[in-house]
There are 2 protein chains.
Amino acid sequence: MDTSSRTDLYTDSNTASSTAYQALKTLVLMGDVPIGARLREERLAERMNVSRTPVREALLRLHAEHFLERHSEGGYRVINPSVQKMRELYDIRRALELHALRRSDPHFVRDRDGLLELREDWRALDGGESAIDAEFVLLDEDFHRRLAESAGNPQLAEQLRKVNERIRPVRSHDFMNPGRIAATIEQHLAIVEAVLARKTSQAATMLDRHICESQTVVEQAVANVLERMLSVGERDASW
Amino acid sequence: MDTSSRTDLYTDSNTASSTAYQALKTLVLMGDVPIGARLREERLAERMNVSRTPVREALLRLHAEHFLERHSEGGYRVINPSVQKMRELYDIRRALELHALRRSDPHFVRDRDGLLELREDWRALDGGESAIDAEFVLLDEDFHRRLAESAGNPQLAEQLRKVNERIRPVRSHDFMNPGRIAATIEQHLAIVEAVLARKTSQAATMLDRHICESQTVVEQAVANVLERMLSVGERDASW
DNA sequence: GTATTCAATGTTGCATACACGTTTCTTAAC
DNA sequence: GTTAAGAAACGTGTATGCAACATTGAATAC
């Protein structure tokens with residue numbers, strides 16, 4: 001086993017544990033590990049050239065973040081993102097985003113500079129021929145994250161980030177159709193403009209519709225895909 | 001070291017790991033471990049008669065749940081529940097609870113039976129001389145959890161449960177004044193009644209006010225207490 | 001007395017060993 | 001051929017050992 005890389009630890013934040021976490025998370029989020037597959041600590045450890053200990057810690061973290069669920073007899077398996085669950089997460093997303101946008105408190109200042117920057121970034125994207133699919137999902141997440149962050153509630157923004165991360169695997173289906181990307185950019189710009197113009201309730205309405213649209217598109221696309229993914233019989237695959 | 005209790009493991013869900021988790025969580029939530037105190041794995045392990053491994057897993061879980069934060073040089077310390085952070089969590093709570101209550105979808109059925117049960121349980125409490133302080137916090141949490149669960153979004157209810165758990169340590173201050181308990185019971189009943197009578201927007205208004213009231217009371221009480229807790233100089237205490 | 005070096009101690013992160021339960025495969029009986 | 005029993009391989013949960021830092025305190029130089 002390779003022990004040469006054990007030069008700087010303890011103070012180091014990119015420990016074997018967090019490396020394993022990142023790697024595993026990527027594998028799961030990218031869909032490389034089939035849904036329902038059982039994860040075996042030893043094999044993962046070999047694959048990543050670490051011992052079982054950091055792998056266990058990574059598994060624990062991913063479980064806490066709802067990317068894995070406990071296998072009935074110990075161990076973990078990749079969580080099954082049912083349509084129903086995704087619907088519920090979209091619902092949470094709406095709750096958090098709309099609440100962040102509204103923020104009716106009188107003595108609260110929105111991060112105007114951040115919003116102006118956000119607007120510029122998305123104006124630069126106009127047309128949207130540059131980005132596609134999976135890449136655009138991240139851009140989209142970024143928009144919603146920054147919009148929420150401008151509301152000055154870091155904890156809420158953080159919660160939202162986590163929810164979006166859980167939705168991410170199915171969100172790629174939202175932008176399969178090129179028309180959706182263009183529409184998204186347009187809607188995003190309209191929303192920022194409205195917020196900047198202090199037309200909050202109008203912005204909220206647009207944002208609500210925007211999220212609902214996305215949800216509808218995703219749900220229809222996902223229903224079929226999920227069935228296929230599950231029917232492949234890879235549930236019993238082991239990693 | 002006691003190894004006699006290692007009779008049934010693997011299938012067993014109450015492993016040493018989860019035992020350590022529960023114990024540590026209780027210690028932290030009860031305020032037995034001072035805010036900012038550094039947690040030392042070895043000592044905790046001795047205290048709980050297990051090895052460092054389950055303790056590490058417990059620490060990891062509590063960190064994921066925001067009860068602990070990473071010490072600058074490795075290790076963990078009890079998180080500092082600043083007034084600002086509590087305010088943000090209360091804000092998230094409002095967002096989730098109000099969203100759950102509103103649920104304007106046309107084809108959505110609320111769990112009426114659950115609500116009727118909830119109403120009965122709280123009618124039985126009328127007067128409220130029975131419960132006090134810390135005990136009542138749990139009852140209160142239970143009410144809000146069940147109210148949210150009746151909205152038929154388990155994921156949202158779960159998120160809310162976690163947020164409430166993070167607020168819990170400071171919420172005990174809400175019910176120091178006996179009058180607050182009576183008022184809470186009254187408001188809870190009014191809210192359930194309104195929901196059952198399908199006066200949703202009225203219920204939402206009441207719930208919003210209810211949460212805001214609680215927040216105000218808690219904030220004022222907590223501001224002082226937190227200062228005291230922090231000034232004791234127990235930050236450097238080690239567990 | 002103050003500063004500096006260096007040893008001693010403490011603490012974490014990781015690897016590994018082991019115990020116990022589970023699953024699977026083999027073998028024998030019918 | 002099917003079934004039952006036993007053995008072997010497997011996988012997880014836990015304990016423990018060790019290396020790499022960090023920290024503290026003592027000894028020495030000035």
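Heavy atoms only: backbone and side chains are in, while hydrogens, waters and symmetry mates are out. Letters go in sequence order (proteins before strands), and every chain restarts at 1.
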Peer 1: Nearest-Å distance, NE2 (B:His71) to P (D:dA22)?
Peer 2: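 It works out to 13 Å between those atoms.
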Peer 1: State whether A:Arg38 places a side-chain N or O below 4.0 Å from either non-bridging phosphate oxygen (OP1 or OP2) of C:dT22.
Peer 2: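 No, no such contact exists.
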Peer 1: Which nucleotide in the set C:dC14, C:dT12, D:dT14 lies at the smallest distance from any side-chain heavy atom of A:Ala16?
Peer 2: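 Looking only at side-chain atoms, A:Ala16 lies closest to C:dC14.
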Peer 1: Give the nucleotide from the list D:dG11, C:dC14, D:dT14 with an atom nearest to the side chain of A:Ser17.
Peer 2: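 Taking heavy atoms from C-beta onward, the closest nucleotide is C:dC14.
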Peer 1: Can you name the ring pair (Phe, Tyr, Trp, His ring centres under 6.0 Å) partners of A:His71, sequence neighbours left out?
Peer 2: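 Ring pair (Phe, Tyr, Trp, His ring centres under 6.0 Å) list for A:His71, sorted by chain: empty.
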Peer 1: Mind jotting down which residue pairs meet the ring pair (Phe, Tyr, Trp, His ring centres under 6.0 Å) criterion with at least one end in residues 139-166 of chain B? Sequence neighbours excluded, please.
Peer 2: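 Output for this query lists B:Trp122-B:Phe143, B:Phe143-B:His188, B:His144-B:His188, B:His144-B:His210.
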Peer 1: Is B:Arg43 near enough to C:dT11 that one of its side-chain N or O atoms lies under 4.0 angstrom from OP1 or OP2?
Peer 2: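 Affirmative; the distance criterion is met.
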Peer 1: Just to verify, what does A:Pro169 make a side-chain contact (heavy atoms from CB on, under 4.5 Å) with, not counting sequence neighbours?
Peer 2: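 Applying side-chain contact (heavy atoms from CB on, under 4.5 Å) to A:Pro169 gives A:Leu29.
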Peer 1: Output every pair passing ring pair (Phe, Tyr, Trp, His ring centres under 6.0 Å) with a member in residues 21-64 of chain B, not counting sequence neighbours, ordered by first then second residue.
Peer 2: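 Residue pairs with at least one partner in residues 21-64 of chain B: B:His63-B:Tyr76.
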Peer 1: Does A:Lys162 pair with A:Glu65 as a salt bridge, N-O distance under 4.0 Å?
Peer 2: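 Result for this pair is no, no salt bridge flagged.
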Peer 1: Starting at atom CD of A:Glu42, determine the distance to atom C1' of D:dG13, rounded to an integer number of angstrom.
Peer 2: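 Result: 13 Å.
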Peer 1: Round to the nearest Å and state the distance from A:Arg40 atom CZ to D:dA9 atom P.
Peer 2: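 The distance from CZ of A:Arg40 to P of D:dA9 comes to 17 Å, rounded to the nearest Å.
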Peer 1: State which of C:dA15, D:dA15, D:dG11 makes the closest approach to the side chain of A:Val50.
Peer 2: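 Selected nucleotide (nearest to the side chain): C:dA15.
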Peer 1: Within the modelled atom types, does a donor on one side and an acceptor on the other bring the side chain of B:Arg52 and the base of C:dG13 under 3.5 Å apart?
Peer 2: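 Yes, the side chain and the base share a sub-3.5 Å donor-acceptor pair.
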Peer 1: Rounding to an integer number of Å, can you tell me how far B:Asn49 CG sits from D:dT16 C1'?
Peer 2: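 Going from B:Asn49 (CG) to D:dT16 (C1'), I get 16 Å.
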Peer 1: Does one side chain, of B:Gln155 or A:Arg87, offer a donor that lies under 3.5 Å from an acceptor on the other?
Peer 2: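 The criterion, which ignores hydrogens and geometry beyond distance, is not satisfied for A:Arg87 and B:Gln155.
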Peer 1: Looking at residues 53-68 of chain B, who's got a heavy atom less than 4.0 Å off DNA chain D?
Peer 2: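 Close to the strand are B:Thr53, B:Pro54.
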Peer 1: Could you give the CZ-to-P distance, from A:Arg77 to D:dG11, as a whole number of Å?
Peer 2: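 These atoms are roughly 15 Å apart.
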Peer 1: Atom CD of B:Glu46 to atom P of C:dG10: distance rounded to whole Å?
Peer 2: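 In whole Å, C:dG10 P lies 12 Å from B:Glu46 CD.
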Peer 1: Tell me: CD of A:Glu41 to C1' of D:dG11, nearest whole Å?
Peer 2: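 Computing the A:Glu41:CD to D:dG11:C1' distance gives 8 Å.
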Peer 1: Applying side-chain hydrogen bond (donor to acceptor under 3.5 Å, both in side chains), name anything that partners B:Glu88, two or more places apart in sequence or on another chain.
Peer 2: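 Partners of B:Glu88 under the side-chain hydrogen bond (donor to acceptor under 3.5 Å, both in side chains) test: B:Gln84.
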